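Below: the structure, in structure tokens.
Keep in mind the model is a prediction, meaning the values are calculated, not measured.
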Amino acid sequence: MNCIKQISMTGYLVRHVDLREAKPRSVNEDVYVMEKGALSALSLLGLSVTEFIAARYERGGYHVISVERIPKKRTAEINLLKVWQCAHPDNPDDTAKDKNAVN
């Protein structure tokens, strides 16, 4: 059986300052990636993507200067069976069942 899933990703360039640093503080840049399903969920909840990302950074002690969407989207194919086999089981007794999983 083919266990391939294609995902669509959107990147956001986040410029932020670490408030825990001594002054003068430097501006850092990160790329924050969100999958199409997560973007849809935020939309259904009535949340803005930029506000969501800024809130996550601010909880970590950063001050967000800007969040910009990267124009190009990317897609990737994920082999779910390989992800399953690499993941640690929640229940160690499930390990024997993993050996029966075949791509």
For the atom pair [atom1] ([X]) and [atom2] ([Y]), what is the distance rounded to the nearest 0.5 Å?
{"X": "K36", "Y": "T75", "atom1": "NZ", "atom2": "OG1", "result": "11.0 Å"}
{"X": "I78", "Y": "I4", "atom1": "CD1", "atom2": "CD1", "result": "8.5 Å"}
{"X": "S8", "Y": "R74", "atom1": "OG", "atom2": "CZ", "result": "12.0 Å"}
{"X": "L13", "Y": "I53", "atom1": "CG", "atom2": "CD1", "result": "10.0 Å"}
{"X": "Y57", "Y": "N28", "atom1": "OH", "atom2": "CG", "result": "9.5 Å"}

With clusters defined by side-chain heavy atoms of hydrophobic residues (ILVMFWY) lying less than 4.5 Å apart, directly or transitively, does [Y] cluster with [X]?
{"X": "V33", "Y": "L42", "answer": "no"}
{"X": "W84", "Y": "L80", "answer": "no"}
{"X": "V14", "Y": "V17", "answer": "no"}

Side chain to side chain donor-acceptor pair (under 3.5 Å) with T50: which residues, sequence neighbours excluded?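 Expected list: S48.
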Report the relative orientation of the aromatic rings in Y62 and H16; use parallel for angles under 30°, tilted for 30 to 60°, perpendicular for over 60°.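 Perpendicular: the ring planes of Y62 and H16 meet at over 60°.
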Heavy-atom donor-acceptor pair, S43 side chain to L39 backbone, under 3.5 Å: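 Pair absent, no side-chain N/O of S43 close to backbone of L39.
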Checking R25 side chain against L19 main chain: does a donor-acceptor pair fall under 3.5 Å? yes
Could you pull out all donor-acceptor pairs under 3.5 Å where a side-chain atom in residues 64-72 meets a protein atom, sequence neighbours excluded?
residue, atom, partner, partner atom, Å
E68, OE2, R15, NH1, 2.6

Using salt bridge (Lys or Arg N to Asp or Glu O under 4.0 Å) as the criterion, list what pairs up with R59, not counting sequence neighbours. none
So, using salt bridge (Lys or Arg N to Asp or Glu O under 4.0 Å) as the criterion, who are the partners of D18 when residues are at least two apart?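 Salt bridge (Lys or Arg N to Asp or Glu O under 4.0 Å) check on D18 returns R20.
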So, for [X] and [Y], which heavy atoms are closest and what is the spacing to 0.1 Å?
{"X": "S26", "Y": "E21", "answer": "N-OE1, 3.4 Å"}
{"X": "A38", "Y": "M34", "answer": "CB-CE, 3.9 Å"}
{"X": "G11", "Y": "V31", "answer": "CA-CG1, 4.4 Å"}

A side-chain contact here means heavy atoms from C-beta on lying under 4.5 Å apart; do I7 and E77 qualify? no
Which residue pairs pass the ring-ring contact (aromatic ring centres under 6.0 Å, His included) test when at least one of the two sits in residues 20-53, sequence neighbours left out?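 Passing the test, one end in residues 20-53: no pairs.
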Any pair counted as salt bridge (charged side-chain N to carboxylate O under 4.0 Å, His left out), so long as it reaches residues 41-57, sequence neighbours left out: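 For residues 41-57, and leaving out neighbouring residues, there are no salt bridge (charged side-chain N to carboxylate O under 4.0 Å, His left out) pairs at all.
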